[in-house]
Amino acid sequence: MRLRGGMGAGASALSESSTQGHLSVPPTLDLKPHDFRELWREKKSAHLQGTREWAFAEILKWLDDPASPQLFWLMGGGGTGKSVLTAELLDRVIHRAVAWHFCRHDNPAQSAPGSLLRSLAAMLAHRLPGYKEKLEATGVPGEAVDDPAELFKALFETPLLVSEVQAPEKPLLVIIDALDELPKESQKPLLDVIASQLSRLPPWLKLFVTSREEPQIKRALSSFKPKELRADEAKNRADVEVYLRTIARQHIKGEASIADIEADVKRTYGIDMKGKLAVLQAPMDLSKAIYAKVRKKVSAEDGYEKLIAEPEKRNDNLVQMSDDLDTVHKKQAPEAQEKLELLIAGKWEADPEKETLRHPVQGTAKAWVEFADSPGVKSEPRVSEKMEKDYGGHANKLKDLARLTLRFTSCSRMADALAEGLKGAGIEVLTLKNKYASPTPMGYSDFNSCAGVVLSDGTRYVCEIQLNHVDMLKAKKEAHVYYEEVRKELPALCQGTKVDAGELEAFIVGRLSTSSLDAAVDALSAKAEGLFLYAYMLGQHLESEAKKGREIHFENLDSLPAGLGEVYAVNFERAFPEGQEDPAWTKAKPLVELIAAAREPITVAMAAALLRWDDGQQERVLETTALLFPVRDGKLHVFHKTIVDWLTGEITEGSSIREPSAEFKVQRKDGHALLAEGFIAWRTPTPPEGRAPDDLATYYWLRHGILHLCRADGQSVNAAFAAKAAHVYATDLALLRERVDRGLLSSVAKDYLELRRVDGVDGVDLTDATEMRQFVGKYMDVLQRDKGAAVMQLALQQPDASAVFRAAEASQLASKQPTRALVWRNKSQEKDACIGTLSHKDGVSSVAVGATRIVSGSGNSIFVYDAESQELLEELQGTCNVTSLAIWDGGKDGGKHTNQTMSLIVAGFEDGTVKVWDSGKLEMLSEKTDAHSRGINSVAFSPDGTKIVSGSADGTIKVWDAGTMVQLSEKTNAHSGRIFSVAFSPDGTKIVSGSEDKTIKVWDSGKLEMLSEKTNAHSDYVMLVAFSPDGTKIVSGSLDKTIKVWDSGKLEQLSEKTDAHSSGIMSVAFSPDGTKIASGSNDGTIKVWDSRKLELLSEKTNAHSDWIQSVAFSPDGTKIVSGSDDKTIKVWHLVKLEQLSEKTNAHSGVVTSVVFSPDGTKIVSGSADKTIKVWDSDKLEMLSEKTNAHSDTIRSVAFSPDGTKIVSGSDDKTIKVWDLDKLELLSEKTNAHSGVVTSVAFSPDGTKIVSGSWDNTIKVWDADSFNLLETRPGEAMAFSKEAEGVVRDGATIRMKDGGGAFYAPSPISCVAVSWPRIAAGAQSGELYHLEVMM
């Protein structure tokens, strides 16, 4: 491609090295800034001086204005030059820019929120005085902290606000370019931080961001009005034209002919003049010949070269301040004309031969003025005609109403006037067209300028000044006859086309009157389509052509590439002239395929290894592809995303590419195959010979290796790679562990979606992979907390027949150093129904599940997850607590029964607000504040998705239009208490409601007239009601622990289940076929019932029906005793894991503590009923008891080592010692602690007693005298087995020596240890038998 080389004539020179020096920022405080110097140089070099000045003016005005918003958002499409503008802005404000970040689609890891925020903080520490010291004092978060909101607060809010860094004299700037190029999982959290936390920073620290117009970004930054940079915007096109003008002036040769004008007509109007204008070529040539003689004469004068080199100044957006014709023409133009004249000469007089023309009185003109002509203000009717015909009725575009002509006898005098004279006279040159550098097609040359004068009221008024050589004006008179000849012929020539003849004539006259360069720029601009990227690439192409001695003439403009696709094609054809057969392309194509398939930039080292390059091959290929695939930081990047679109043919909507490459098409799947082979090779124990392990490559393979395996085969029936992907995903726990350790859990979910795409291909079985995905989903919170160390333990806790357990077992057997783990001896061998855990910081108030979305309400937020990957897609903010949710899947019936095709989410809030979102785009569609006067407890969609019903604590039911939230009907006082549940019938004609008033009512859904009701349907609150799928039945659940089924017509009870749960029922639902009912309760259980007889079909049974408060081993380690909140004591055989004996109602209160006697023949128990009891350990027959042993709950009991005494601790803060045989009190210590005594135990020799308390102290007492021997902080017991070896942490039991952990399904309430065995009781009532795998 030989695409390396200079940036083209239009590119600006780089700033002095001082800016590059500022961009080099060292690490500090364990914060590492990203280095953007190479990228900045690349983008900065593409900026053309004189462009984007309007944008820079607005940005700097915003930056300096203390009252302006804290964020400036520049929004534009691809190829419009946002990054180039940002690079130039950074150069201009480098002394006020304290941090910057350039996001790149091909480097997502660099722009992960945590990495981005830490990089910005490192730059601030280096560039903002006082910040580093404040940050060091407040503390830098550790690497484990990756929550963007938490990081933002710690890195920016606290040191900048709480510590009050001194404000600078002028506002400072943070720059973030290309937010849209962040991966979606990174984009959302960062946008949330910007939207919600930016305003908390000092007002003198401002943020400049750029992005494309994307819904997620628009929603997040909706409070900030963006400054749009559109390809079709006049300002943008004008800047692109400036760029193209520089290119055209340097590279386009020759003059425009009549044939060129015909081509321009065809480009503009799509009509072929078929040579009709050829008759105009002769008068045009005669006119050019006259001007050529004059040009030859004046070109010999001093100053002529200065005239040719005089830079143009263009501004297509320049207009008058007023758009009112009367104001601009009659009121302002005369004053402007007078002021303009006075700036040139003190006095003026009429021309003796033409009264309407005036000249300066001799001796009154400025010294640099030779001759000046003032024709006065332009008059009617020409003014109105021009406004309507040329400017679409806009008076503000009339810029030649006040005008002057300056004439000079030499080029040097005219050059001095342009350089110094006008400026010295106080005349502001706003635009300048140089027709000496590029004459008109008729051959004429002059300088035409728009100049600004200030009127008495302060208004800037735009006037016209023409500057010319007197010899050129003489030639104009001579050539005028030929111009008139052309004008005479034109009307007839413009007849007979689909274009209005007058419009066509005006267009051609305009082309004859403007410079040939303007015509070339217009032609190129049409090809550019407003894209700076095109202009840049065209400059590269023309420069390359020029180096080969190939000139581009005006008549060849149509041969130049149009649009980005053709520019890319020209570059490739130049580099590979033999097309696909070119040997250089044969070498380069695999690299291009690799880059196209890669999910982020791969290192040159990775590419060299995959393609088996030697050093010579590497150098040649990289040189060939350097422009479009540059190497930065040792990685291969894509110059612009559209290159890959063009090469692969995968053109997305809105792309700047119209047609794909025909000659140089590449297949991503071939690149995926190369990368898949690389991933397989990487998984081998030893890296390829001669190459050291590459950590960057490792990170890449962890993120993307399985994806490449899935995509390597494309649509091919050969499924070798895909089958390998499924196997690796399902069995490679080492890979999973490393991914978890590196924070790549999201890749696990995404890889499963990739596997789903190849499901069904021959040889691909996702059964095991699905189990692995569900395993990761279920333990997501544990893996995020404990990282990869938890993988093997969790895998070993799965049923023995599961794929995950088999993989763990195989891994342990194959390993020379197997992971130490806790074997769960009594684990269930049934597959757990839980396939995902979605953690929330606050309690979850409501959940709704749709075909593609899972939606939860927690606190003020609504969390929307992808139902398949369980990835968080969006956090929708409310103003108060979310109280109810519902989702409707649009179009699921093919649109046969509804005109509502969007999928919708509705939420009810505590303040009575209802909001509706499109669940696909996640954009809010409508909102109704004060929908109810109190919190909304239930919302539901009608079956067709067109209506929403809401039930509120205000006792009201309302029906709303789902699209507009217009209220359709209302029933006030629908119930006498709070309404907890509302639901539509399957046909949408009825609504059922359940309430605090214990009543169930059925309503007509149209008018909300009551059809039937059942008072006292339950003896407590009715929490939920639901229709059966056929609409004939209604199920209700209540806090009275009862489930009832009703006939939906008359509300007659059909069946009932009392004591369905041990606590209130919060949720009930029919299965889709109506044969089953599922119920959920405050007791933490879910049960499934036969819907006809309400017979229990399944439930989760546990060792106890409530919390297990205490477990203990027998002295010989063969038995376990457990005591529970269900008032039961049970004894278990440890080896067989069977229950040996049980004592129901062992106490009248919760059993808080149980323990075996040293000889194992007895068990002592303590209870909340204040009683101590002694039992025979075999049959659990009571041997003795002591009622009112304490005045409050007994928390702990223990035997002395000789088995003759019992010690007890209580909520009454007392410790007591009892004789075992008669349970007589031997001694006591009142007020032993200032808080509840939670644990007591004898020392091994029986001479001491240790006690622990909620007062956070441990005390050691003399066992006989109760003299206090020692006090130290802590809650654990010094002599407890638990303290010696294991600790409880919520639902986790951890080995103190770091040798493993057990992750229980329910929070652990008590632990007993008899090495190597552990017994643990859970709040759910489950009893876990564990054994340490040594």
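Not measured: the values here are computed from a predicted model.
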**Study point:** Donor-acceptor contact below 3.5 Å, side chain S45 vs main chain E42
**Key:** yes
Review point. Heavy-atom count around K665 NZ within 6.0 Å, excluding the residue itself: above 12?
Key: yes
Point to revise | Which residues share a side-chain contact (heavy atoms from CB on, under 4.5 Å) with E38, sequence neighbours left out | key: R41, R632, D633
Practice item. Verify, without hydrogens or angle tests, whether S115 (side chain) and Q110 (backbone) share a donor-acceptor contact under 3.5 angstrom. Key: yes
Point to revise | Inter-residue atom distance L647.CG - F572.CZ, 0.5 Å rounding | key: 4.5 Å
Review point. Are any non-hydrogen side-chain atoms of H704 and E600 less than 4.5 angstrom apart?
Key: yes
Check your understanding: Is the closest side-chain heavy-atom distance between V240 and L524 below 4.5 Å?
Key -> no
Practice item. Answer yes or no: does atom CD of Q617 have more than 12 heavy-atom neighbours from other residues, nucleotides or ligands under 6.0 Å? Key: yes
Check your understanding: Is the shortest distance from a Lys or Arg side-chain nitrogen in R739 or D732 to a carboxylate oxygen in the other one below 4.0 Å?
Key -> no
**Study point:** Salt-bridge present (R668, E593; N to O < 4.0 Å)
**Key:** no
Point to revise | E754: partners by side-chain hydrogen bond (donor to acceptor under 3.5 Å, both in side chains), with sequence neighbours left out | key: R711, R757
Point to revise | Under 3.5 Å: donor-acceptor pair, side chain of Y243, backbone of A46 | key: yes
Check your understanding: Quick check, are the ring centers of Y700 and W682 under 6.0 angstrom apart?
Key -> no
Point to revise | W585 ring center near F664 ring center (under 6.0 Å) | key: yes
Check your understanding: Can you find a pair of side-chain heavy atoms, one from I595 and one from T625, that are under 4.5 Å apart?
Key -> no
Review point. Hey, are D759 and R756 close enough for a salt bridge, meaning a charged N less than 4.0 Å from a carboxylate O?
Key: no
Check your understanding: Any side-chain heavy atom of T51 within less than 4.5 Å of one from E88?
Key -> no
**Study point:** Polar side-chain atom of T648 near backbone of V666 as donor-acceptor pair, under 3.5 Å
**Key:** no
Exercise for review: Check whether any side-chain heavy atom of R314 lies under 4.5 Å from a side-chain heavy atom of E241, and answer yes or no.
Suggested key: no
Exercise for review: May I have the step-by-step check of side chain to side chain donor-acceptor pair (under 3.5 Å) for S257 and D260, ending in yes or no?
Suggested key: CA-CA 5 Å; S257 66; D260 296 326; 3.2 Å; yes
